[in-house]
Amino acid sequence: MRVCVKVNVQGKWICDGIPKNSDMEYHVSGPHTPYENDGPDCLICGLPRESAIPTQTVPSRSPTVGIKTQKSPLLPIVAIALFLLLGGGGIWYFGSRIFNSQTQESGINRGKNSVILSETAVNSLLISQGEKVLFIGGKNEGQKTTAADAFAAQNWEEAIREYQQAYNTEPNDPEAKIYLNNAQARKNGNPLTMAVVIPISQSVNEAKEVLRGVAQYQEEFNRGLPLRYLEVVIVDEAQADIAESLAKDLINSPVNVLGVIGHGVDNNSRQALELYEQNNVAVLSSLNTAITTNNNKSVVKTIPLSQSSTLLGTYLQKVGETLADYAAENQPGARVVVFYNSDSPYSQQLKREFVDGMAGTNGQVVEEIDITDGGFNAEAAMRGARIVNANVALLALSKNKVDTAIALAKANANSGDRLLLLGADELYNPTILERGNDAINGLVLAVPWQWSSQDTFATQAAAIWKGRVSWRTATSYDATQALAIAFYQHPGDRGAISTELNRGIDVNTSVTKDRKSV
């Protein structure tokens, strides 16, 4: 994002990569074939519209600055938890937002532009910087395919044009936006590279929610015109058991991947995180990332994997206590039946924390039901809940049990007097809305953040993505910021970046620099 005086110039304009306004100093990537633009910045080189206007006609313009904004402390029905879930497990809530638009390392090494990570990866079909399309379908699929071909051929100008058109066709498509930014980063030379690992094949909509936050901050960072742009590698964790193999691809790549966002809380994710830790690659994941708040300052910190059980436990304790309090407050004398799946450590621990939380209220847990037991039937289970006079049902289920959650909700709706249904963020996904229909009316989920018109980030994100965004977008936006801050402090140095995150990064301090000083 740039704070500037808007130039009163409308309509199309031509850019050839050479600024005509000598009053300001712009980052210039070099001349290019004249290109007609109709937006505020050139799609080829990123120069702003006013750079193409002779000096004497251009009003004054303020320099690039760091901008610190905040999401308001909004709660859907819960107090903000310290740690949030992303993908299959917990991640963090960065309450404060910092915009860092500069890098400290100078020099451009354009030779590195020829390196494509997937060319040497074992899981090449699941990894892309822009040379292949990972999200299939949509009105802009053909445009993205054309753009990907140009990207693979290292024709950056064509890739930029085609990905811009693809994004214009589908303005809520984060893949097109990320690859557009990547093509610009490749054209600029020697980008700072991060990766985001998400389960595209398993959860397309949730993966897009995460990528929207990543793309939004990447765009803000790169619009600050740093010497080295931020590049994002998208990785499809198509199935849980390839997490370790994907980690090896990122660690061993000839592209210097400086940090990673993603993975879950399962054993496969734990093995992947062990590899990152052993190779000094910073990773912000649900198992190893915490935030502490002191004197209104928030510090993001990664912790050793050996302490991960404490981190996840703290998060689930907050969720369990919040849900228990809600049940007791909204159903005096609450009698709760808890549904859980014993094949998930997350589900089991959420159940335990909720049961412990209920002990401090005037309610009680009357029954605990493991849905993985042979012969489980949702209709019969709900009939049994009424026999024991339950008036609340907690669906403490993991994300791969959404079908069972929907079946329980429908059984509840069909049985007359509805039980109050509670759940956690693992059930926050489009599937439960699309297939649950009226049966999920009244379902209350403990989630870390909620859209509000009073929230600056929320309204900006809604304008960018043409609709309201979820907490996954908010948390991934913050996670990308945290990595970018570490990249800024130690560009190109994996070990130093990892150490900085281990030490803790204060995300309340805005870095302000004049563009001329870079």
Side-chain angles (χ1 to χ4, degrees), residues 83-94 117 121 123 126-127 129 192-199 207 210-211 213-214 217-218 230-237 240-253 255-291 299-312 315 472 475-505 507:
F83 315 101
L84 315 186
L85 294 193
L86 173 63
I91 198 168
W92 50 95
Y93 179 79
F94 298 120
L117 194 157
N123 302 284
L126 303 177
I127 299 172
Q129 290 157 269
L192 298 165
T193 304
M194 60 169 282
V196 55
V197 182
I198 45 177
V210 172
L211 288 180
V214 175
Y217 186 74
Q218 181 195 23
L230 183 63
E231 176 184 50
V232 177
V233 180
I234 301 177
V235 182
D236 178 13
E237 192 173 46
D241 60 6
I242 63 170
E244 185 176 3
S245 179
L246 291 173
K248 290 179 180 178
D249 282 336
L250 297 178
I251 292 167
N252 299 324
S253 166
V255 176
N256 189 18
V257 177
L258 300 175
V260 179
I261 293 173
H263 297 292
V265 297
D266 55 280
N267 288 332
N268 293 297
S269 293
R270 182 177 294 275
Q271 292 170 2
L273 264 63
E274 287 177 353
L275 284 175
Y276 292 124
E277 196 171 272
Q278 292 165 10
N279 289 275
N280 290 321
V281 176
V283 56
L284 295 179
S285 179
S286 47
L287 282 172
N288 75 332
T289 307
I291 183 169
V299 176
V300 178
K301 184 177 182 179
T302 52
I303 65 173
L305 196 56
S306 59
Q307 300 176 20
S308 63
S309 59
T310 301
L311 177 64
L312 181 59
Y315 166 72
R472 293 186 179 93
T475 54
S476 60
Y477 176 98
D478 289 330
T480 307
Q481 281 190 347
L483 281 183
I485 294 168
F487 292 0
Y488 163 77
Q489 294 171 334
H490 308 283
D493 190 335
R494 280 180 172 179
I497 291 167
S498 183
T499 299
E500 194 67 38
L501 281 164
N502 289 338
R503 185 182 298 119
I505 294 178
V507 297

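Predicted, not measured: the structure shown is a model, and the values here were computed from it.
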Checklist line | Val235 vs Leu250 side-chain heavy atoms within contact, under 4.5 Å | finding: yes
Item checked: Non-hydrogen atoms of Leu284 and Ala479 that approach each other most closely -> CD1-O, 3.4 Å
Next item on the list: Kindly say whether Ile242 contributes a backbone atom to a donor-acceptor pair with the side chain of Glu237 at under 3.5 angstrom?
Entry: no
Next item on the list: Could you point out which residue of Ile127, Val196, Val197 forms a side chain to side chain contact (heavy atoms under 4.5 Å, CB included) with Val233?
Entry: Ile127
Item checked: Ile505 side, atom CD1; Gln481 side, atom CD - distance, nearest 0.5 Å -> 11.0 Å
Next item on the list: Taking the side chain as every heavy atom from C-beta outward, state whether Leu126 and Asp249 have any pair of such atoms under 4.5 Å apart.
Entry: no
Note to self: Measuring only between side-chain heavy atoms, which start at C-beta, is Leu273 closer than 4.5 Å to Arg270?
What the structure shows: no
Next item on the list: Spell out, as yes or no, whether a donor-acceptor pair under 3.5 Å connects the side chain of Glu244 to the backbone of Ala272.
Entry: no
Next item on the list: Measure up the Tyr477 and Tyr217 rings against each other and bin them: parallel (under 30°), tilted (30 to 60°), perpendicular (over 60°).
Entry: perpendicular
Notebook entry, point to check: Between the main-chain N or O of Val281 and the side-chain N or O of Asn279, is there a donor-acceptor pair closer than 3.5 Å?
Noted result: no
Note to self: Quick one: does any side-chain atom of Ser498 pair with a main-chain N or O of Arg494 as donor and acceptor, under 3.5 Å?
What the structure shows: no
Next item on the list: Ignoring hydrogens and angles, tell me if any N or O in the side chain of Asp478 forms a donor-acceptor pair with the backbone of Thr475 under 3.5 Å.
Entry: no
Check: Going by distance alone, is a donor N or O of one side chain under 3.5 Å from an acceptor N or O of the other, for Asn288 and Thr302?
Finding: no
Next item on the list: Could you check Ile261 against Leu483 for side-chain contact (heavy atoms from CB on, under 4.5 Å), going step by step and ending with a plain yes or no?
Entry: CA-CA 9 Å; Ile261 293 173; Leu483 281 183; 3.7 Å; yes
Next item on the list: Taking the side chain as every heavy atom from C-beta outward, state whether Thr480 and Leu230 have any pair of such atoms under 4.5 Å apart.
Entry: yes
Checklist line | Student check: side-chain heavy atoms of Thr193 and Asn256 closer than 4.5 Å | finding: no
Notebook entry, point to check: Between Ala486 and Leu501, what is the shortest heavy-atom contact and its length?
Noted result: CB-CG, 4.4 Å
Notebook entry, point to check: Is a donor on one side and an acceptor on the other found under 3.5 Å between the side chain of Gln129 and the backbone of Leu117?
Noted result: yes
Check: Should Ile485 and Gln489 count as side-chain neighbours, where that means a heavy-atom distance under 4.5 Å?
Finding: yes
Check: For Ile497 and Ala282, which heavy atoms make the closest approach, and how far apart are they?
Finding: CG2-CB, 3.9 Å
Item checked: Derivation of the side-chain contact (heavy atoms from CB on, under 4.5 Å) call for Leu275 and Lys248 -> CA-CA 7 Å; Leu275 284 175; Lys248 290 179 180 178; 3.7 Å; yes
Note to self: For the CG atom of Leu258 and the CZ atom of Phe487, what is their distance to the nearest 0.5 Å?
What the structure shows: 4.5 Å
Note to self: How long is the straight-line distance from OH of Tyr276 back to NE2 of His263, given to the nearest 0.5 Å?
What the structure shows: 3.0 Å
Item checked: Ser285 side chain to Gly262 backbone, donor-acceptor under 3.5 Å -> yes
Note to self: Just verifying a value: how many Å separate Gln271 CD and Asp241 CG, rounded to the nearest 0.5 Å?
What the structure shows: 10.0 Å
Next item on the list: Please check if atom CG in Asn267 has more than 12 non-hydrogen atoms from other residues, nucleotides or ligands closer than 6.0 Å.
Entry: no
